[in-house]
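Structure first, then comments.
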Amino acid sequence: PDSDLRLPDEPRASVVRVWREGFSVSHAAMGDLERQVFARLQRGEPFANLCGALEGDLEPDAAAREAGALLMRWLEDEILARLPPACESS
């Protein structure tokens, strides 16, 4: 056993996002901030609200960078996708 490996003192809840790429299943842990922002997104909140929520924990410049990074990650992982034109509201 690795002597540097240490279990946490208390069990801690964690959130994992899972997605598919063709026949491959991928997963990644979500940090507390990403989990909170993603929950807002799932509730249908506008992107501006998500950015505002990040500003509660980060400086404005860092919040903007984090919002962009999260959006890019979710798009690349195909967690978010553009709806076909027939599904978009007018």
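Taking CG from Asp77 and CE from Met72, the interatomic distance works out to 11.5 Å, rounded to the nearest 0.5 Å. For the atom pair Leu80 CG and Leu41 CG, the distance stands at 5.5 Å (nearest 0.5 Å). Arg35 CZ to Ser14 OG: the interatomic distance, rounded to the nearest 0.5 Å, is 10.5 Å.
Residues Leu33 and Leu58 have side chains in contact (heavy-atom distance under 4.5 Å, counting atoms from C-beta outward). At least one side-chain heavy atom of Leu71 sits less than 4.5 Å from a side-chain heavy atom of Leu75. A heavy-atom distance below 4.5 Å is found between the side chains of Phe38 and Ile79.
Residues forming a side chain to side chain donor-acceptor pair (under 3.5 Å) with Glu34 (at least two apart in sequence, or on another chain): Arg17, Arg73, Trp74. When the side chain to side chain contact (heavy atoms under 4.5 Å, CB included) test is applied to Glu21, the partners found at least two apart in sequence or on another chain are Trp19, Ser26.
Val15 and Val18 fall into different hydrophobic clusters, where Ile, Leu, Val, Met, Phe, Trp and Tyr are joined by side-chain heavy atoms under 4.5 Å apart, directly or via other members.
Within 6.0 Å of CD in Glu45 there are more than 12 heavy atoms belonging to other residues, nucleotides or ligands. The local environment of CD in Glu59 is sparse, with at most 12 non-hydrogen atoms from other residues, nucleotides or ligands closer than 6.0 Å.
For Ala63 against Cys51, the heavy-atom pair with the smallest separation is CB-O, 4.4 Å.
A side chain to side chain donor-acceptor pair (under 3.5 Å) check over residues 47-57, counting only residues at least two apart or in different chains, returns nothing.
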